[in-house]
Amino acid sequence: MEEIRFLLGTKDMPKSWYNILPDLPRPLDPPLNPATKQPIGPDALAALFPMALIEQEVSQKTEIPIPPEVLDIYALWRPTPVRRARRLEQMLDTPAKIFYKDESVSASGSHKLNTATAQAFYNKKDGTKRITTETGAGQWGSALSIACSMFGIECRVYMVKVSYQQKPYRRSMMQVFGAEVIPSPSKLTKFGTQILKDDPDCTGSLGIAISEAIEDCVTSKNTRYSLGSVLNHVLLHQTIVGLEAKKQMELAGTYPDYVIGCVGGGSNYAGLALPFMRDKLKGGKKTTFIAVEPQACPTITKGKYAYDHGDTAKMTPLLKQHTLGHIFVPPAIHAGGLRYHGMAGIISLLCKEQCMEAVAYHQNEVFKNAMIFAQAEGVIPAPETSHAIMAAMEVARECKKTGEAKTILFNFSGHGYFDMGAYDAYLSGKLEDYEYPQHEIEEALKCLPVV
Ligand SMILES: *Cc1c(COP(=O)(O)O)cnc(C)c1O
C-alpha cells in the first residue's frame with residue numbers, strides 16, 4: 001500500500017517562524033500616518049498591539065523563535081498532516097500528484113488558531129486584560145476566543161451583522177469560549193452609531209467592524225486590538241504551516257512544482273507559501289505560486305497596488321497593498337473569509353514583483369469542484385478553501401492534457417462544517433455568480449488617499 005498521509009511528531013515541530021522581510025526582492029514601503037502621510041514609527045501602533053508584535057512587524061531577522069508556551073498549545077493539534085489526494089487524482093485521471101496541508105484539524109477548524117495563540121500569548125505577557133477584534137464569517141472570532149480563553153483574557157468580537165444572522169453556530173462557538181459577540185454596526189461605538197443613523201438596515205462589512213473594534217480598543221482600559229490577517233506578524237505566525245509542509249514533502253520524496261492557496265487577507269496562503277518562496281528567491285527553485293480569490297472580491301486581479309486604509313473609518317495607518325478601496329462593501333457571497341478589500345503587503349509585493357500569480361473564480365464553479373473533492377476525499381472544505389482546491393484541480397486537468405506529472409501542493413485552510421448553509425444554497429441552485437463591475441471598482445478606487 002502506498003503512503004498517503006505524511007505525519008510529523010510533536011518533537012519535529014519547527015521551533016522558529018520564518019520571517020521573509022529580509023529576503024524580499026525589495027523592501028516593503030513603510031506604513032504611513034493617515035493624517036500627515038509621513039512614515040510612522042513603531043510607537044504609533046503601541047495603543048493597539050503589544051511591543052513584541054510590533055517588533056515582529058518590522059523585524060529583519062529571518063528566524064524568530066516560537067515561545068515554548070505557544071508550542072505547548074500548538075502541540076494540541078500540530079504538526080498537522082500533509083495528505084495526498086490520491087482518490088481525487090484517480091477521479092480526475094491525471095498524472096499530477098496532488099498534496100494538501102490540512103489546517104482544518106485545529107479546534108477552530110482553520111489555520112487562524114496559529115496566530116490567535118501567538119497573539120494572545122504576547123498580549124498576556126504584556127499585561128493585556130481584554131482584546132477587541134472583528135470577524136466576518138466567524139472563523140477569526142472563533143480562533144481568538146479559544147486563544148483568549150486559554151490565556152485568561154477577555155474577548156469582545158464585533159461580528160459583521162449579516163454573518164451574525166446567517167451563522168448562529170459560529171456565534172455560539174465564540175460564546176462557549178467566553179467571548180462577547182456584538183453584531184456590527186452596533187450602538188456601542190461612535191462610528192457604529194453614525195453608520196446606523198445614516199442607514200439603520202446596514203448589514204455591515206469587515207471594514208466597519210474593524211473600525212468599531214479599534215475605536216473600542218483605544219477608548220477602553222487595559223485593552224488591545226487583534227487582527228487575524230494582512231499584517232506581517234500574522235503572516236509570520238502562519239509560516240509554521242509551510243515549514244512543516246517542507247519537511248513533509250521531503251518525507252513524500254518530492255518537491256512542489258505548484259504551491260497554491262486562497263487569499264482573503266493573505267495569511268493562510270503566505271503561511272504555506274513563504275517558506276517555499278525562500279527557496280525560489282534564494283535557492284533558484286522554479287516553483288509556480290498561485291493565489292486564488294473570488295471574482296466577487298478580486299483584490300489582486302482587479303484592484304490597484306496603492307496606499308490605502310485598512311478600515312472604513314480611516315483610523316488605521318496607510319499600507320501599500322492591492323486594494324479595491326476602503327469604501328468597498330462586498331456582495332454577500334458565501335466565501336465570507338475572502339471578502340476583505342485589501343491584501344497583505346507581503347503578498348501584494350510578491351505579486352507585483354511577479355514572484356507569484358493570482359487567479360479569480362466564480363463561486364458556482366468553485367462549489368462544483370468542492371463537491372468533486374468532497375466526494376473523492378471524504379471531507380467537506382470551507383468555501384474559501386474550495387477556491388484553492390479548484391485551482392489545484394485546474395492544474396491537474398492541464399497535466400492530463402500535457403501528460404506531465406507535476407507535483408501540486410495546496411493549503412486546506414479550513415473545513416466547511418459550519419458552512420452548510422452555503423452548500424445548501426449551491427445545491428438548491430440559489431447561489432449567484434457575481435462579478436464585481438469594473439465601473440464600481442473604479443468608483444471605489446476614487447476614494448484612495450493621495451500620498
Ligand atoms: C479566514 C480564512 C481564509 C482567508 O483568510 P487569509 O488571511 O487569506 O488566510 C481562508 N480560509 C479559511 C478557512 C479562513 O477561515
Side-chain angles (χ1 to χ4, degrees), residues 80 100-116 119 133-146 157 159-160 163 167 170 173-174 206 209-210 226-242 260-274 289-294 296-300 310 321-322 330 333-348 350-351 356 358 360-361 363 366 370 379-391 410-419 422:
T80 63
Y100 61 98
K101 177 69 167 159
D102 188 358
E103 288 297 305
S104 75
V105 299
S106 80
S108 71
S110 82
H111 65 286
K112 290 198 172 77
L113 199 51
N114 298 328
T115 185
Q119 293 193 44
T133 196
E134 68 290 329
T135 197
Q139 284 137 326
W140 169 242
S142 310
L144 192 67
S145 308
I146 295 172
V157 182
M159 185 172 190
V160 176
S163 305
K167 297 197 157 183
R170 274 284 171 196
M173 184 170 173
M174 293 182 253
L206 216 43
I210 295 176
S226 177
L227 195 63
S229 187
V230 177
L231 297 179
N232 302 342
H233 69 263
V234 180
L235 274 54
L236 171 78
H237 301 153
Q238 294 297 350
T239 58
I240 188 160
V241 175
I260 297 172
C262 65
V263 287
S267 72
N268 88 84
Y269 182 47
L272 179 70
L274 298 185
F289 290 85
I290 308 175
V292 193
E293 57 187 19
C297 187
T299 313
I300 304 175
Q321 58 186 319
H322 282 91
I333 65 157
H334 283 280
L338 304 181
R339 287 163 61 183
Y340 185 58
H341 70 269
M343 182 56 58
I346 291 174
I347 294 287
S348 295
L350 289 168
C351 288
M356 192 178 262
Y361 295 134
Q363 59 177 349
V366 164
V379 52
I380 299 181
E384 294 86 351
T385 309
S386 304
H387 288 72
I389 292 175
M390 175 166 171
F410 72 86
N411 202 12
F412 193 90
S413 55
H415 65 64
Y417 298 114
F418 284 101
D419 302 291

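Note that ligands are numbered from 1 as they come in the structure, with each ligand's atoms numbered from 1 the same way. If you read the sequence from its start, that first residue is 1, and numbering goes on from there.
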Which of the numbered atoms in ligand 1 are below 4.0 angstrom from a heavy atom of [X]?
{"X": "C262", "value": "10 (C), 11 (N)"}
{"X": "G414", "value": "13 (C)"}
{"X": "H111", "value": "2 (C), 3 (C), 9 (O), 12 (C), 14 (C)"}
{"X": "Q139", "value": "13 (C), 14 (C), 15 (O)"}
{"X": "S413", "value": "10 (C), 11 (N), 12 (C), 13 (C)"}
{"X": "S229", "value": "6 (P), 7 (O)"}

Indicate yes or no: does an N/O atom of [X] lie under 3.5 Å from an N/O atom of ligand 1?
{"X": "A382", "answer": "no"}
{"X": "G228", "answer": "no"}
{"X": "V263", "answer": "no"}

Proximity flag H415 to ligand 1, non-hydrogen atoms under 4.0 Å: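 H415 does not count as a contact of ligand 1 under the 4.0 Å cut-off.
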
Just wondering, do [Y] and [X] contact through their side chains at under 4.5 Å, heavy atoms?
{"X": "V241", "Y": "N114", "value": "yes"}
{"X": "Y340", "Y": "T299", "value": "no"}
{"X": "Y269", "Y": "N411", "value": "no"}
{"X": "M173", "Y": "I146", "value": "yes"}

Minimum non-hydrogen distance to atom 9 (O) of ligand 1, winning option of T115, V234, N268: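 The nearest heavy atom belongs to N268.
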
Best match, M343, K112, E384, E293: closest heavy atom to atom 14 (C) of ligand 1: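 Considering heavy atoms of M343, K112, E384, E293, the nearest to atom 14 (C) of ligand 1 sits in K112.
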
Taking all non-hydrogen atoms of both residues into account, name the closest pair between [X] and [Y] and its distance.
{"X": "S106", "Y": "S110", "result": "OG-O, 2.7 Å"}
{"X": "I260", "Y": "V292", "result": "CG2-CG2, 3.9 Å"}
{"X": "H111", "Y": "Q238", "result": "O-NE2, 3.1 Å"}

S226-Q119 side chain donor-acceptor pair, cut-off 3.5 Å: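 Yes, Q119 and S226 have a side-chain donor paired with an acceptor closer than 3.5 Å.
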
